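Here the structure is laid out as structure tokens; the discussion comes afterwards.
Keep in mind it's a predicted model, so treat the numbers as computed, not measured.
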Amino acid sequence: MKVDLKILDTRIKDQLPHYATTGSAGLDLRACIDEAITLAPGQTELIPTGLAIHLDDPRYAALILPRSGLGHKHGIVLGNLVGLIDSDYQGQLMVSIWNRGQTAFKLEPFERMAQLVIVPVQQVDFNIVEEFTESHRGEGGFGSTGRG
Ligand SMILES: O=c1ccn([C@H]2C[C@H](O)[C@@H](COP(=O)(O)OP(=O)(O)OP(=O)(O)O)O2)c(=O)[nH]1
Ligand SMILES: [Mg+2]
């Protein structure tokens, strides 16, 4: 599948997102910033990527997810937990970087900070009903099947 990509900042043109291995699901997004940004514990900053995509098809969306190494080792995750990119969004991809850790983190210019995953989406119409066709689970949830 081809996705239209706009390079908004030419400094990123030689470091475009790509699949690092043949089986990769994520495309790493880099911090398109002029100088390093030090995030204090608890601090959140909206970081530009220098890129825009236009999926142009409501059957797809893109998710921005944390990188596991940064998240686990350095507490660098996303201020919105997950970023959802609509198929009609044409603006710059922005990453809300949150230092949820207890030590300062220095984000370097053009460092890989998060990852983009393209996912299928099913838009639906609602069928308004009074009763659902009974299911095995019914209304049970939140641990109704037990813990272990
Ligand atoms: O991490 C993110 C999340 C969103 N977006 C962009 C793409 C998305 O299509 C748009 C709107 O996102 P969302 O619908 O999640 O935010 P909202 O607060 O509901 O804003 P809006 O009123 O513009 O829909 O913002 C990003 O660039 N990065
Ligand atoms: Mg919205």
Side-chain angles (χ1 to χ4, degrees), residues 1-126 135-148:
M1 171 183 174
K2 291 270 189 196
V3 172
D4 285 351
L5 175 83
K6 252 193 207 173
I7 299 170
L8 303 176
D9 186 320
T10 52
R11 293 176 300 174
I12 206 89
K13 75 173 189 332
D14 296 326
Q15 294 179 298
L16 295 179
H18 67 279
Y19 295 105
T21 66
T22 50
S24 292
L27 300 148
D28 285 337
L29 296 173
R30 294 175 183 272
C32 195
I33 50 179
D34 300 334
E35 52 194 42
I37 294 177
T38 299
L39 290 121
Q43 191 177 343
T44 306
E45 292 293 334
L46 200 55
I47 308 292
T49 61
L51 298 170
I53 59 167
H54 183 209
L55 291 167
D56 196 27
D57 184 335
R59 293 172 302 173
Y60 297 94
L63 302 179
I64 299 178
L65 301 175
R67 293 184 65 209
S68 56
L70 285 183
H72 181 69
K73 294 182 199 151
H74 302 284
I76 296 300
V77 294
L78 305 175
N80 49 353
L81 303 187
V82 175
L84 176 61
I85 312 301
D86 297 288
S87 70
D88 53 357
Y89 180 68
Q90 297 182 320
Q92 179 163 202
L93 293 174
M94 302 294 292
V95 181
S96 173
I97 289 287
W98 171 32
N99 181 0
R100 63 155 185 81
Q102 258 127 55
T103 52
F105 181 84
K106 194 172 172 193
L107 182 69
E108 299 287 350
F110 304 101
E111 173 172 6
R112 292 177 296 150
M113 61 180 164
Q115 53 187 331
L116 187 76
V117 180
I118 312 295
V119 292
V121 167
Q122 180 70 64
Q123 285 189 341
V124 300
D125 294 317
F126 288 116
S135 73
H136 183 68
R137 172 178 288 274
E139 295 183 8
F142 297 90
S144 67
T145 63
R147 179 174 160 180

Could you go through the side chain to side chain contact (heavy atoms under 4.5 Å, CB included) check for Met94 and Ile64 one step at a time? CA-CA 9 Å; Met94 302 294 292; Ile64 299 178; over 6 Å; no
Between Asn80 and Leu78, is the side chain to side chain contact (heavy atoms under 4.5 Å, CB included) condition met? List the steps. CA-CA 5 Å; Asn80 49 353; Leu78 305 175; 3.6 Å; yes
Over all heavy atoms of both residues, which pair between Gly79 and Thr44 is shortest? Give the atoms and the distance, please. CA-CG2, 4.1 Å
With distance as the sole test, does Arg100 use its side chain to make a donor-acceptor pair with the main-chain N or O of Val77 at under 3.5 Å? no
State whether Asp34 and Arg11 are salt-bridged, where the test is any N-O pair (Lys NZ or Arg NE/NH1/NH2 against Asp/Glu carboxylate O) under 4.0 Å. yes
Exercise: identify the closest heavy-atom pair between Leu116 and Ala62: CD1-CB, 3.7 Å
Quick check for you: to the nearest 0.5 Å, what is the distance between Cys32 atom SG and Gln92 atom CD? 7.0 Å
Examine distances only and state if a side-chain atom of Glu108 and a backbone atom of Ala36 form a donor-acceptor pair shorter than 3.5 Å. no
Gln43 side-chain N/O to Trp98 backbone N/O, donor-acceptor pair under 3.5 Å: no
Straight-line distance of Lys106 NZ to Leu39 CG, nearest 0.5 Å: 12.0 Å
For the CG atom of Leu8 and the NZ atom of Lys13, what is their distance to the nearest 0.5 Å? 14.5 Å
Shortest non-hydrogen pair, Pro66 vs Leu81, comes out as CD-O, 4.2 Å
Does Phe105 form a side chain to side chain contact (heavy atoms under 4.5 Å, CB included) with Leu70? I'd like the steps, not just the answer. CA-CA 10 Å; Phe105 181 84; Leu70 285 183; 3.8 Å; yes
How about Leu63 and Ile85: do any of their side-chain heavy atoms sit closer than 4.5 Å? no
Given side chains that start at C-beta, do those of Ile7 and Leu51 come closer than 4.5 Å, heavy atoms only? yes
What do the steps show when you test Asn99 against Ile76 for side chain to side chain contact (heavy atoms under 4.5 Å, CB included), and what is the final call? CA-CA 5 Å; Asn99 181 0; Ile76 296 300; 3.8 Å; yes
Shortest non-hydrogen contact between Ile12 and Gly50, atoms and distance: CG2-O, 4.0 Å
For the atom pair CZ (Phe110) and CG (Asp9), what is the distance rounded to the nearest 0.5 Å? 5.5 Å
Atom CD1 in Ile53, atom NZ in Lys6: separation rounded to 0.5 Å? 12.5 Å
Return the CE to CD distance between Met113 and Glu45, rounded to the nearest 0.5 Å. 12.0 Å
Which heavy atom of Val121 sits nearest to which heavy atom of Ala61, and what is that distance? CG2-CB, 3.5 Å
Which atom pair, heavy atoms only, marks the closest approach of Ser135 to Gly138? OG-N, 2.9 Å
Expected output: side-chain Thr49 to main-chain Leu93 donor-acceptor under 3.5 Å: yes
Side-chain heavy atoms of Asp56 within contact of Asp4, under 4.5 Å: no
